[in-house]
Amino acid sequence: DIVMTQSPDSLAVSLGEGVTINCRSSQSLFYAANSKNYLAWFQQKAGQPPKLLIYWASVRESGVPDRFSGSGSGTDFTLTITSLQAEDVASYYCQQYYTSDRTFGQGTKVEIK
Amino acid sequence: QVQLVESGGGVGQPGGSLRLSCAASGFTFSSHGMHWFRQAPGKGLEWLTFIRSDGSYRYADSVKGRFTISRDNSKNTLYLQMNSLGPEDTAVYYCAQDCGLGGSRDFWGQGTLVTVSS
């Protein structure tokens, strides 16, 4: 199985400040046939199902604010929130969907300082 | 648009069984692989099992031998038969459409809660 490692486990940031979450996979998620990285980012607020933010490592899902962005390729990926808003308090998960045995990072909890 | 609606959750007895269903619409169900995931209270997301369009399947070690995935393409429905339930199976269970390599993203349902308790 592909192991996904996220960092940090949690962070507290002031409103308006930036947030960076890292995700590393144990093998490449790059699919050469279409030049896409099969890495997704989810946001999960308390009591709600996970919400897809980013797919193909960097494509924002429809309706997701542009302060959220994804980057990276191969085995190293980053989710960036450029200016944290109160409604962004949540846990964030990376997920590889390169293999049918999907795997997730352990999650990063983002709070307001 | 893709819609996935899970049902069948509730309270199950330790050692007992439950069957979850996932009703699919908005896409050609028979052509897609499908997944089950879960999330225990306060824990992260966990992949459980996958069934391909041809009916072949894979399981996570945590549920192998206890859970069975199946599909009824005539009813556009995915199932998860859960046997030998234990407290560790208490979770919200989600089904998802597999996009496959070449596709863009999976689609998820809203989940159904399973509580294992006597």
Side-chain angles (χ1 to χ4, degrees), chain A residues 1-7 9-10 21 23 27-64 70 90-109, chain B residues 1-7 9 22 32-64 67 69 71 78 91-114:
Chain A
D1 287 1
I2 298 177
V3 177
M4 306 298 292
T5 304
Q6 252 180 269
S7 62
D9 290 337
S10 64
I21 299 170
C23 178
Q27 65 186 72
S28 177
L29 305 182
F30 182 74
Y31 183 51
N34 62 3
S35 299
K36 301 296 186 185
N37 288 278
Y38 279 75
L39 187 282
W41 288 99
F42 289 87
Q43 176 194 64
Q44 189 174 33
K45 298 181 180 180
Q48 296 184 19
K51 173 187 173 184
L52 180 69
L53 292 178
I54 303 284
Y55 61 92
W56 277 341
S58 63
V59 178
R60 211 176 296 117
E61 172 74 336
S62 176
V64 172
S91 291
Y92 293 83
Y93 296 90
C94 61
Q95 181 216 33
Q96 66 81 15
Y97 57 115
Y98 186 83
T99 65
S100 58
D101 299 8
R102 306 295 202 233
T103 47
F104 297 86
Q106 74 273 26
T108 296
K109 190 171 184 179
Chain B
Q1 71 280 23
V2 174
Q3 279 205 313
L4 298 167
V5 179
E6 301 92 340
S7 61
C22 169
H32 283 263
M34 298 291 296
H35 298 270
W36 286 102
F37 300 89
R38 72 182 176 186
Q39 186 173 36
K43 302 295 186 184
L45 295 158
E46 179 187 16
W47 171 80
L48 299 179
T49 179
F50 168 66
I51 187 167
R52 293 185 179 85
S53 57
D54 65 4
S56 60
Y57 46 77
R58 295 185 60 80
Y59 293 98
D61 289 344
S62 59
V63 302
K64 199 175 294 183
F67 289 10
I69 191 171
R71 62 192 302 158
L78 176 73
V92 178
Y93 286 73
Y94 301 94
C95 64
Q97 179 212 55
D98 181 271
C99 69
L101 283 174
S104 61
R105 38 78 54 96
D106 295 343
F107 286 88
W108 287 49
Q110 293 295 297
T112 187
L113 175 63
V114 169

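Protein chains get the first letters and strands the later ones, always in sequence-line order, with residue 1 at the start of each.
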Which portion of B:Gln39 sits near chain A, non-hydrogen atoms under 4.5 angstrom | side chain
For B:Phe37, is it the side chain, the backbone, both, or neither that has a heavy atom closer than 4.5 Å to a heavy atom of chain A?
-> side chain
Where does B:Arg105 contact chain A at under 4.5 Å (heavy atoms): side chain, backbone, both or neither?
-> both
Taking all atoms of both residues into account, what is the closest heavy-atom pair of B:Leu48 and B:Arg38, and its distance?
-> CD2-NE, 3.5 Å
Mind checking whether B:Trp108 and A:Phe104 have parallel, tilted or perpendicular rings, split at 30° and 60°?
-> perpendicular
Where on A:Asn34 is there a heavy atom nearer than 4.5 Å to chain B: the side chain, the backbone, both, or neither?
-> side chain
Quick one: does A:Gln106's side chain have a donor or acceptor within less than 3.5 Å of a partner on A:Thr5's backbone?
-> no
Under a 4.5 Å heavy-atom cut-off, does chain A meet the side chain of B:Tyr94, its backbone, both or neither?
-> side chain
Select, from A:Thr99, A:Leu52, A:Val59, A:Asp1, the one with the greatest count of heavy-atom pairs under 4.5 Å involving chain B.
-> A:Leu52
Can a donor-acceptor pair be found between the side chains of B:Asp98 and B:His35 at a distance below 3.5 Å?
-> yes
Measure up the A:Trp56 and A:Tyr38 rings against each other and bin them: parallel (under 30°), tilted (30 to 60°), perpendicular (over 60°).
-> perpendicular
Any side-chain heavy-atom pair from A:Met4 and A:Leu29 closer than 4.5 angstrom?
-> yes
Which atoms of A:Tyr98 come close to chain B, meaning under 4.5 Å heavy atom to heavy atom: side chain ones, backbone ones, both, or neither?
-> both
Checked B:Gly102, B:Gly111, B:Gly109 vs chain A; the most non-hydrogen pairs under 4.5 Å come from B:Gly102
